[in-house]
Amino acid sequence: MILLQILVPTIAFFSTPPARFGFQMVAGYEIRDSVVVRDSEGSEIPVDELDLWHAPLRPELNWAERLPTHACSHVAVAHDVVVLQYATGRQVVLCP
Amino acid sequence: MSLTSVQVDARPVALARICVGIGYAVCLLEALAVLSDVAAGQLSYPVLEALPSPSTQLVTVLGMVGVLASVLLILGVLSRLSAFVGLFVLIVAQLLDQQTYSNHLVLCTLLLAYLAVVQSGSRWSVDARLRGRRDEVPWWPQLLMMSQVSVCYLFAGLSKVNPIFLSGEVLSEVLWVEAPNSWFRALAIVTISSEVFLAVGLWLRLTRHVAVLVGLGLHGGIVALFDGGWVTFTAFALLCISAYWMFLVRPRFTRTASGLEVVDSELPTGLVTTERA
């Protein structure tokens, strides 16, 4: 059991941070993460995050998986969403 | 003699039960806040698409059951069952949406799992009042709680050994105090050193009392200096500190020809329990 207690966070430690089950608390990997919803001209659309998702978003999640689709469906003039995360880098996801 | 036969004072784990019960209440409410937002139509991150989405009714039921489990755990009513129910509620909450994940929630979940098998209601509990108290309980589940807290500290410290944290930038952003960046860089090193020291120092007789003071200072500093989130950090502190007394009275073993022997189990009152294989 103790070996399992050590093994799981060890695996997380050697995974791409921030990783779950690794007790990686306030380690700093998420400090530059950001989400920007843009219009067709590339200008940022001010978004009240609290209206759209439970902020702050967990940094262990891949925000590009679901957040852009959700944002696009709730922000009328959204053209794309720029997601920046430590683990995945900068991704621009077009609204459908 | 096996580790499972070692008996220790029941009071440290009773205190742990109360601390974890309070920490659990906070963790539960945080998870329910996430699930409430998801149930209200905010962004969801299902663990498995096949699992049901959280509904307002389900969140309410989880909340009622979870809060009841928390209260019963703190009071020491059907302690093991309360811990198990609390554990079950937390697991369900985490399975309903990935956004409920947090490191302190995972720690709480694990500590509840250990409490579900430890006799934490033997002292300072309604259980003890109704059924009679037990002064000694098996030690082995407490060993798991202690090792879990140590692992948490170790990896919390090691994960901070990176250029971002060491630059002081993280602390300068999350703390409300203003200071030269050199102070935050120094504080970053102190933080990492403290956490790694705690992972080891709590186990050693020579350093465990100092380690307790370092731990109290670390958690107190986090609660006092972080810009917001003091409730969460207090809960996290309670989860970690719940094991401190166990470290202070950890039994000491020696290896004999017949196997492991408990040399002594230091108790605050001076009561010593010795066992031979």
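Below, chain A is the first sequence line, B the second, and so on; all start at residue 1.
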> What residue in Ile2(A), Leu61(A), Asp51(A) has the most heavy-atom pairs under 4.5 Å with chain B?
Replying inline: Leu61(A)
>> Quick check for you: among Thr69(A), Asn62(A), Leu57(A), which has the greatest number of heavy-atom pairs under 4.5 Å with chain B?
In response: Asn62(A)
> Which of residues 28-44 of chain A get closer than 4.5 angstrom to chain B, counting heavy atoms alone?
Replying inline: Gly28(A), Tyr29(A), Ile31(A), Arg32(A)
>> Taking 4.5 Å as the heavy-atom cut-off, does anything in residues 85-96 of chain A contact chain B, and if so which residues?
In response: Tyr86(A)
>> Quick check for you: to the nearest 0.5 Å, what is the distance between Phe23(A) atom CZ and Leu158(B) atom CG?
In response: 13.0 Å
> To the nearest 0.5 Å, how far apart are CD in Gln5(A) and CG in Leu144(B)?
Replying inline: 5.5 Å
> Under a 4.5 Å heavy-atom cut-off, does chain B meet the side chain of Pro9(A), its backbone, both or neither?
Replying inline: both
>> Show the nearest heavy-atom pair for residues Gln42(B) and His70(A), with the distance to one decimal.
In response: C-CE1, 3.5 Å
> Ala27(A) and Ser159(B): which non-hydrogen atoms are nearest, and at how many Å?
Replying inline: CB-O, 3.4 Å
>> As an exercise: rank Ala33(B), Gly41(B), Ser44(B) by heavy-atom pairs under 4.5 Å with chain A and give me the winner.
In response: Ser44(B)
With a 4.5 angstrom heavy-atom cut-off, could you sort out which part of [X] is near chain A: side chain, backbone, both or neither?
X: Ser102(B); answer: both
X: Leu107(B); answer: both
X: Asp37(B); answer: side chain
X: Gln148(B); answer: both
X: Glu169(B); answer: both
X: Tyr153(B); answer: neither
X: Leu43(B); answer: both

Measuring only between side-chain heavy atoms, which start at C-beta, is [X] closer than 4.5 Å to [Y]?
X: Gln98(B); Y: Arg20(A); value: yes
X: Phe155(B); Y: Met25(A); value: no
X: Ser36(B); Y: His54(A); value: no
X: Leu143(B); Y: Met1(A); value: no

> More than 12 non-hydrogen atoms from neighbouring residues, nucleotides or ligands closer than 6.0 Å to CZ on Phe84(B), yes or no?
Replying inline: no
> More than 12 heavy atoms of other residues, nucleotides or ligands under 6.0 Å from CZ of Phe226(B): is that the case?
Replying inline: yes
> Under the 3.5 angstrom rule, does the side chain of Lys160(B) hit a backbone N or O of Gln24(A) as a donor-acceptor pair?
Replying inline: no
>> Name the residue from Ile6(A), Leu4(A), Val8(A) that meets the side-chain contact (heavy atoms from CB on, under 4.5 Å) definition with Val151(B).
In response: Ile6(A)
> Less than 4.0 Å between a side-chain N and a carboxylate O, is that true for Glu30(B) and Arg58(A)?
Replying inline: no
